[in-house]
Amino acid sequence: DVKVTQSSRYLVKRTGEKVFLECVQDMDHENMFWYRQDPGLGLRLIYFSYDVKMKEKGDIPEGYSVSREKKERFSLILESASTNQTSMYLCASSLISQGYEQYFGPGTRLTVT
Amino acid sequence: AQTVTQSQPEMSVQEAETVTLSCTYDTSESNYYLFWYKQPPSRQMILVIRQEAYKQQNATENRFSVNFQKAAKSFSLKISDSQLGDTAMYFCAFMKQTGANNLFFGTGTRLTVIP
């Protein structure tokens, strides 16, 4: 079974803090994704990566950066957290083959106060 | 740009009954993939069913089936013999066949199965 894990289920940070969200997958998937989930908006893509050290912006990259130093790990970084970044963050991974399903982590609910 | 619309924010169904969740999408692509994902309360998102746009036959997975109408850009999910474990958020999603294979999601439908 594919397993995607995220470092925290719940996180509370203060405005202006630097925040790291970690995601690890154990199936040697090339693609990794970070989504943000908000009620009434569904999931929106923040960044994705199709290879080590490669990254592509998604639909809402502002205020975020990412890092992929190893194939199995994809980090989302909030350089200076703001209250409007309070949300559920979902990581996913997939093979690079087109049409392949994405496997999701359990999510991190981030609250910025 | 691709957009996915789910017009039913919430639905409910009696246990053992059948329910249909609606999804429409807009794209200029001719080949693509469509998905239904399920997110149970406090649990991970999992794939329910997948459809390739070039296939005319509707996909089925046990109690789950889709009605794919390519010309109408419609992709509804039918759940037969609903079970309590089907209670979840359901997301319809679109993926292009070429280029970046990220998903474009709808806003979701919260389904509650009533005992």
Side-chain angles (χ1 to χ4, degrees), chain A residues 1-6 8-10 23-27 29-51 54-61 66 74 87-109, chain B residues 1-10 21-25 27 29-55 59 61 64 68 88-110:
Chain A
D1 273 358
V2 175
K3 196 164 185 182
V4 181
T5 57
Q6 295 183 229
S8 306
R9 288 301 301 270
Y10 301 94
C23 176
V24 177
Q25 50 94 4
D26 66 357
M27 282 301 291
H29 284 171
E30 295 90 355
N31 291 332
M32 296 189 75
F33 307 84
W34 274 107
Y35 294 93
R36 171 176 170 160
Q37 182 179 5
D38 298 289
L41 297 178
L43 280 75
R44 294 176 291 166
L45 182 67
I46 304 171
Y47 268 97
F48 68 98
S49 168
Y50 53 88
D51 200 355
M54 305 302 289
K55 61 184 179 183
E56 294 285 344
K57 292 181 180 179
D59 298 320
I60 51 166
V66 290
F74 192 35
S87 187
M88 171 71 86
Y89 291 88
L90 295 177
C91 174
S93 73
S94 77
L95 291 175
I96 204 160
S97 307
Q98 213 63 26
Y100 195 79
E101 72 173 279
Q102 292 184 14
Y103 291 85
F104 285 81
T108 295
R109 186 166 295 282
Chain B
Q2 279 62 231
T3 58
V4 179
T5 302
Q6 294 179 251
S7 58
Q8 305 151 315
E10 293 190 16
L21 280 57
S22 300
C23 173
T24 59
Y25 58 94
T27 184
E29 305 281 323
S30 55
N31 291 309
Y32 45 86
Y33 303 90
L34 295 164
F35 303 81
W36 278 98
Y37 278 87
K38 169 185 177 181
Q39 187 180 41
S42 302
R43 292 177 59 190
Q44 277 167 258
M45 184 107 66
I46 57 172
L47 178 68
V48 175
I49 201 164
R50 173 179 174 273
Q51 174 82 41
E52 295 95 332
Y54 65 86
K55 288 188 177 179
E61 286 288 342
F64 298 88
F68 172 50
M89 279 290 285
Y90 287 83
F91 291 97
C92 178
F94 172 101
M95 181 189 291
K96 293 192 291 185
Q97 188 181 43
T98 57
N101 53 358
N102 54 291
L103 290 165
F104 296 89
F105 283 90
T107 52
T109 296
R110 185 176 301 279

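What you are looking at is a predicted structure, and each value in this text was computed from that prediction instead of being measured. So you know, we letter chains A, B, ... as the sequences are listed, proteins then strands, and number each from 1.
- Classification of the A:H29-A:Y103 ring pair by plane angle, with boundaries at 30° and 60°, yields tilted.
- Interface remark: A:L90 contributes side-chain atoms only to the contact with chain B (heavy atom separation under 4.5 Å).
- For a residue to count as touching a neighbouring chain, one of its non-hydrogen atoms must lie under 4.5 Å from one of that chain's; by this rule B:Y32 does not touch chain A.
- With a threshold of 4.5 angstrom between heavy atoms, B:Q39 approaches chain A through side-chain atoms but not through N, CA, C or O.
- In this structure, the portion of A:L41 lying under 4.5 Å from any heavy atom of chain B is its backbone and not its side chain.
- Contacts of A:R44 with chain B are absent, with no heavy-atom separation under 4.5 Å from either backbone or side chain.
- For B:M45, the parts lying near chain A are the backbone and the side chain together; criterion is any non-hydrogen pair under 4.5 Å.
- For A:P39, the side-chain contact (heavy atoms from CB on, under 4.5 Å) criterion is met by no residue, not counting sequence neighbours.
- Scanning for ring pair (Phe, Tyr, Trp, His ring centres under 6.0 Å) contacts around B:F68 gives an empty result, with sequence neighbours left out.
- Annotation: B:R110, atom CZ; neighbour count of heavy atoms from other residues, nucleotides and ligands within 6.0 Å does not exceed 12.
- Side-chain N or O atoms of A:Q6 include one that pairs as donor or acceptor with a backbone N or O of A:Y89 at under 3.5 Å.
- At a 4.5 Å heavy-atom cutoff, the contact between A:Q37 and chain B is made by side-chain atoms alone.
- The aromatic rings of A:Y35 and A:F33 sit parallel, their planes meeting at an angle under 30°, below the 60° perpendicular limit.
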